[in-house]
Amino acid sequence: MEKQEANYDFVIVGSGLGGLVCGCILASEGYSVAILEKNHQIGGMLQVFSREKTILDTGVHYLGSLNPGENLYQLFKYLGILDELKLKRLGPEKVDVIRFEDGQEYAIPEGYDRFTQYLTKEFPEESEAIYAYCEKIREVCSCFPLYRLDASAPRYLEHPEIMTLNAFEYIGSITQNKRLQNVLAGTNSFLYAGNRSSTPFYVHALIVNSYLSGAFRLIDGGSQLAILLSRRIRNSGGQIFRRKKVTGARYDDKKMIAVTTEDGSIFYGKNFISNLHPASTVRLFGEQHFLKVYNRRITGLTNSISSFTAHLIFKPGAFPYLNYNIYQYHRDDVWGGPDYTPDTWPEQYFISTPAHSKSPEYAESMSVMAFMRFEEVAEWADSFNTVAEPGARGTDYERFKKQKEEQILVRLEHVFPGIRRQIKSIHSSTPLTFRDYTNSPDGSMYGISKTTENPLSTVISTKTHVPNLYLTGQNIFMHGILGVALGAVATCSMFLEKETLIRKIADA
């Protein structure tokens with residue numbers, strides 16, 4: 001039986017960060033808002049899960065641009081959540097560590113001054129290249145006004161060379177030192193899945209700049225961000241509905257008038273915002289309602305790779321907390337991760353010990369993330385398993401996961417000899433896990449891959465060809481906490497006066 005809900009100014013499909021930030025901004029501006037989430041837990045990649053009373057993050061390992069006055073700091077102040085966030089600052093002398101097979105480690109500190117001082121000490125003959133690299137990052141970032149909380153038109157439209165500059169090629173052009181090239185690009189693998197032939201330098205620049213501008217971990221998991229945003233939404237009169245799986249839409253002429261859910265509910269609205277992947281949005285709301293050329297373009301774009309994540313739970317007091325991340329490479333090539341072979345996997349991986357309030361000196365857990373292509377789990381692609389919709393994938397799948405966990409442990413023993421004795425248990429997730437919980441095609445971690453070939457084709461407008469349907473999420477501006485949050489600002493600028501909104505954020 002159909003259950004008709006109220007008529008809202010905005011119905012938002014998906015409670016990932018983009019949907020929550022949109023809901024928070026619009027509700028605080030006096031609009032009636034309903035957010036629909038298919039899972040029992042809100043937050044998308046902000047979700048956490050618990051094993052043996054230990055909180056484990058699914059996707060948010062650290063966030064940048066949180067020094068006072070930086071863009072994410074200002075946005076969180078405007079949203080009214082900054083003062084309530086429990087944060088652990090990384091660094092300042094060591095935010096990330098780039099580590100190679102020979103055991104050599106290089107620190108990535110916070111701030112441009114520390115960064116240049118450290119690297120010129122490590123590579124004294126390369127000071128000119130190091131300073132040129134930093135200046136190029138600043139120059140490129142200045143071409144993206146939204147990134148700087150500026151309402152002016154994007155400068156990259158006037159300077160298309162910014163969009164077509166290849167990250168691998170640019171770094172190679174300023175220094176012939178292969179080790180320095182790998183250090184400068186060392187965080188590329190698990191911050192944006194860099195591809196040597198196609199990744200633009202602007203992607204590299206925007207992300208590296210954000211982590212040089214104040215890197216923090218969320219104590220006790222990323223879900224606190226979702227909880228605080230949802231509280232603000234409700235305090236402003238917005239509503240969030242869990243376990244409401246949207247199955248389709250109703251139209252009047254060319255406009256959407258409502259979305260329908262699996263349990264028979266109908267949510268009417270004036271405007272609709274999809275936090276889903278653009279291709280998932282088209283499929284969900286009916287390809288016939290979008291222009292064929294738009295459908296071909298959206299479905300033809302390449303999605304970024306997914307990952308396998310092993311969550312290690314330690315015995316109490318067994319492993320020290322590491323107040324930095326490690327990017328481990330078992331070959332001297334930081335760009336080759338997505339091109340792995342199953343026999344040599346994992347050739348590179350990301351190591352993080354989440355910050356916990358109960359044991360600040362010791363790590364309760366460790367997340368180890370390695371690239372994994374969807375084809376490795378394709379034989380179980382017809383299965384589905386979430387807390388809201390539980391299902392089994394079978395013993396072969398569990399055997400596959402155990403094999404991959406063992407491969408990671410073998411590698412970890414080279415980094416932390418004897419680590420097996422410190423582990424209490426291991427839990428893991430695959431591209432299927434990310435697909436089922438985030439509705440991202442093939443479990444893509446970073447959304448649509450940006451490219452230097454026809455770069456504007458990967459810039460997705462917040463508007464769709466359905467007059468009152470809009471997009472938000474990691475495919476609008478950039479992925480990551482900062483990128484998704486700024487993308488939500490861009491979406492809300494379709495309804496609020498852009499200059500006024502950005503000025504409110506900048507002056508928060």
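For the pair F384 and R393, the tightest heavy-atom approach, listed with the atom from each and the gap, is N-NH1, 3.7 Å.
Cation-pi geometry between R373 and F308 is not satisfied (NZ or CZ under 6.0 Å from the ring centre, within 45° of the ring normal). Cation-pi geometry between R99 and Y327 is not met at under 6.0 angstrom from the ring centre and within 45 degrees of the axis.
Here K358 does not pair with D220 in a salt bridge; the nearest charged N to carboxylate O distance is not below 4.0 Å. Between E413 and R420 there is a salt bridge, with a side-chain nitrogen of the basic residue lying less than 4.0 Å from a carboxylate oxygen of the acidic one. Ion pairing between E389 and K38 fails under the 4.0 Å rule for side-chain N and carboxylate O.
Distance alone, capped at 3.5 Å, is enough to place a donor-acceptor pair between the N188 side chain and the G194 backbone. No donor-acceptor distance shorter than 3.5 angstrom exists from the side chain of N275 to the backbone of I12, with no hydrogens or angles considered. Checked by atom type and distance alone, the side chain of D436 pairs as donor or acceptor with a backbone atom of N385 at under 3.5 Å. A distance-only check finds a donor-acceptor pair linking the side chain of T491 to the backbone of L471 [under 3.5 Å].
With rounding to the nearest 0.5 angstrom, the CD atom of Q47 is 7.0 Å from the OG atom of S15. To the nearest 0.5 Å, the span separating OG on S28 from CG on N235 amounts to 11.5 Å. The distance from the OG1 atom of T54 to the CD atom of E52 is 6.5 Å, given to the nearest 0.5 Å.
A centroid separation of less than 6.0 Å is found between the aromatic rings of Y62 and Y211.
Using cut-offs of 30° and 60° on the angle between ring planes, the pair F49 and H311 is perpendicular. Between Y349 and H330, the ring planes lie tilted relative to each other; the angle falls in the 30° to 60° range. Taking the six-membered ring where the residue is Trp, F477 and Y147 present tilted rings, their angle falling between 30° and 60°.
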Please tabulate, one pair per line, all N/O donor-acceptor pairs under 3.5 Å involving side-chain atoms of residues 501-508, not counting sequence neighbours.
| from | atom 1 | to | atom 2 | distance (Å) |
| --- | --- | --- | --- | --- |
| K504 | NZ | E29 | OE1 | 3.4 |
| K504 | NZ | E29 | OE2 | 3.0 |

